[in-house]
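All remarks here apply to the structure that follows.
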Amino acid sequence: MRRLIIAAAVLALSAGSALAHFAYLVPSQGKVQIVLSENLKPDEDVDIAILEQARFFARDAAGHETPLALHKQDHALESQYPEVKTALLHGSCEAGVMQRDKIKPFLIRYYPKSIVGNPLAAKTTLGGETPVELIAVGTPGALKFQALIKGKPAGKVDVTVLLPDGKSQKVVADAEGMTAAFTAPGQYAAWFKTTEPAEGEAGGEKYEEIRTYATLVITVPAP
């Protein structure tokens, strides 16, 4: 298990211009896949066993939460979610400790989220109950992402957005954690990270820093 954790961590922080690997919740027709990938498709080079201890939930518009029963596929975890008009899928997971070159050893944490139905609905925000979060704001044709840390705007952070055409774009959020607007309809994914000094141990490995990632997957209709 330790080997799997370290291997996945290496994938998560790979160097270069290519996108790194992140935990995404990808819904489709009553099912959701949990992937650790550079995009929204399962990566055949990743052993998804690293995420089997993670817990994920579906929250309806009334605030009721249903635990998602996870089933392991070849390179993803899969679950069904309740059939409701709008659902917030969310959870958290760790990907172990990594150390490379002269960088301090750090623990990787993911807080993935996805919205089924209207991504701009009022009750699709977790708020202060989660360390980091991305929310969708605006309207179809003028979509923005807002980065939050413990429910408050995270100003001037880098937000990477995977666009419906498969390309990616990095934008700097303003003082209110807000990105520029995106106009195209379709499926989006986005992520940002925070870094904080913290000493501890996970999987038998000591760390001196925690890197926490928020991810969001939504589908935006045409205006």
Side-chain angles (χ1 to χ4, degrees), residues 8-9 11-29 31-46 48 51 54 56 73 75-78 87-93 95 108-121 124-126 130 132-148 154 156-174 177-194 211-223:
L11 281 171
L13 273 298
S14 58
S17 60
L19 289 175
H21 285 63
F22 302 100
Y24 291 111
L25 292 167
V26 188
S28 177
Q29 299 180 342
K31 293 184 179 181
V32 59
Q33 277 193 328
I34 298 94
V35 302
L36 189 61
S37 179
E38 66 177 17
N39 51 46
L40 300 184
K41 297 180 180 180
D43 190 324
E44 295 183 359
D45 293 326
V46 171
I48 202 64
L51 300 184
F56 298 98
Q73 307 299 314
H75 302 284
L77 300 177
E78 189 174 273
L88 168 59
L89 310 179
H90 69 100
S92 62
C93 50
I108 303 169
R109 288 178 176 170
Y110 294 116
Y111 286 84
K113 189 178 88 170
S114 183
I115 301 169
V116 178
N118 180 9
L120 303 169
T124 54
T125 301
L126 295 168
T130 188
V132 292
E133 182 180 13
L134 280 166
I135 62 174
V137 297
T139 60
L143 167 73
K144 295 183 179 182
F145 296 95
Q146 186 178 28
L148 304 177
K156 304 299 182 181
V157 297
D158 292 335
V159 180
T160 299
V161 181
L162 280 65
L163 304 171
D165 63 4
K167 298 179 181 178
S168 67
Q169 182 177 341
K170 180 183 286 187
V171 295
V172 179
D174 64 17
M178 204 79 68
T179 70
F182 296 87
T183 59
Q187 189 176 55
Y188 285 84
W191 64 266
F192 85 100
K193 76 170 182 177
T194 64
R211 300 187 182 187
T212 306
Y213 294 80
T215 68
L216 175 65
V217 177
I218 59 173
T219 298
V220 180

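The structure presented is a predicted model; accordingly, all values stated were derived computationally and were not measured.
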[atom1] of [X] to [atom2] of [Y]: how many Å apart, nearest 0.5 Å?
X	Y	atom1	atom2	value
Ile34	Tyr24	CD1	OH	14.5 Å
Gln146	Asp174	CD	CG	8.0 Å
Thr215	Leu25	OG1	CG	6.5 Å
Leu148	Phe192	CG	CZ	7.0 Å
Ile108	His21	CD1	NE2	12.0 Å
Ile48	Gln73	CD1	CD	10.5 Å

**Asked** Going by heavy atoms in the side chains, are Thr130 and His90 under 4.5 Å from each other?
**Response**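 Side chain of Thr130 against side chain of His90, heavy atoms only: no contact under 4.5 Å found.
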**Prompt:** Do Leu51 and Phe56 have side-chain heavy atoms sitting under 4.5 Å apart?
**Reply:**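 SC-SC contact between Leu51 and Phe56 ruled out.
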Is the backbone of [Y] close enough, under 3.5 Å, to the side chain of [X] for a donor and an acceptor to pair up by distance?
X	Y	answer
His75	Val46	yes
Ser114	Val217	yes
Lys113	Leu88	no

Over all atoms of both residues, closest heavy-atom pair of [X] and [Y]:
X	Y	result
Ile218	Ala136	CD1-CB, 3.8 Å
Glu133	Ile135	OE2-CG2, 3.7 Å
Leu134	Ala214	CD1-O, 3.9 Å
Val137	Met178	CG2-SD, 3.3 Å
Ala23	Pro112	O-CB, 3.4 Å

**Item:** Intermediate values then yes/no, side chain to side chain contact (heavy atoms under 4.5 Å, CB included), Tyr188 and Leu163
**Value:** CA-CA 5 Å; Tyr188 285 84; Leu163 304 171; 3.9 Å; yes
**Request:** State which residues pass salt bridge (charged side-chain N to carboxylate O under 4.0 Å, His left out) with Lys156; sequence neighbours excluded, sorted by chain then number.
**Result:**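 Salt bridge (charged side-chain N to carboxylate O under 4.0 Å, His left out) check on Lys156 returns nothing, list empty.
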Side-chain donor-acceptor pairs of residues 180-187 under 3.5 Å, sequence neighbours excluded:
none

**Asked** Who passes side chain to side chain donor-acceptor pair (under 3.5 Å) against Thr124, sequence neighbours left out?
**Response**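 Partners of Thr124 under the side chain to side chain donor-acceptor pair (under 3.5 Å) test: none.
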**Request:** Please work out whether the ring planes of Tyr110 and Tyr213 are parallel, tilted or perpendicular, with thresholds of 30° and 60°.
**Result:**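 It falls in the tilted class, 30° to 60°.
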**Prompt:** Checking side chain to side chain contact (heavy atoms under 4.5 Å, CB included) against Val32, which of Leu77, Leu89, Val26 comes through?
**Reply:**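 With Val32 as partner, Leu77, Leu89, Val26 yield a single side chain to side chain contact (heavy atoms under 4.5 Å, CB included), made by Leu89.
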**Message:** Restricting to side-chain contact (heavy atoms from CB on, under 4.5 Å), what partner residues turn up for Pro140, sequence neighbours left out?
**Reply:**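 For Pro140 the side-chain contact (heavy atoms from CB on, under 4.5 Å) partners, ignoring immediate neighbours, are Leu120, Val220, Pro221.
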**Message:** Tell me every residue that passes side-chain contact (heavy atoms from CB on, under 4.5 Å) with Gln33, counting only those two or more places apart in sequence or in another chain.
**Reply:**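 Val35, Pro42, Ala76, Glu78.
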**Prompt:** Got a sec, which pairs hit salt bridge (Lys or Arg N to Asp or Glu O under 4.0 Å) with one end in residues 179-189, sequence neighbours left out?
**Reply:**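 Every pair satisfying salt bridge (Lys or Arg N to Asp or Glu O under 4.0 Å) with a residue in residues 179-189: there are none.
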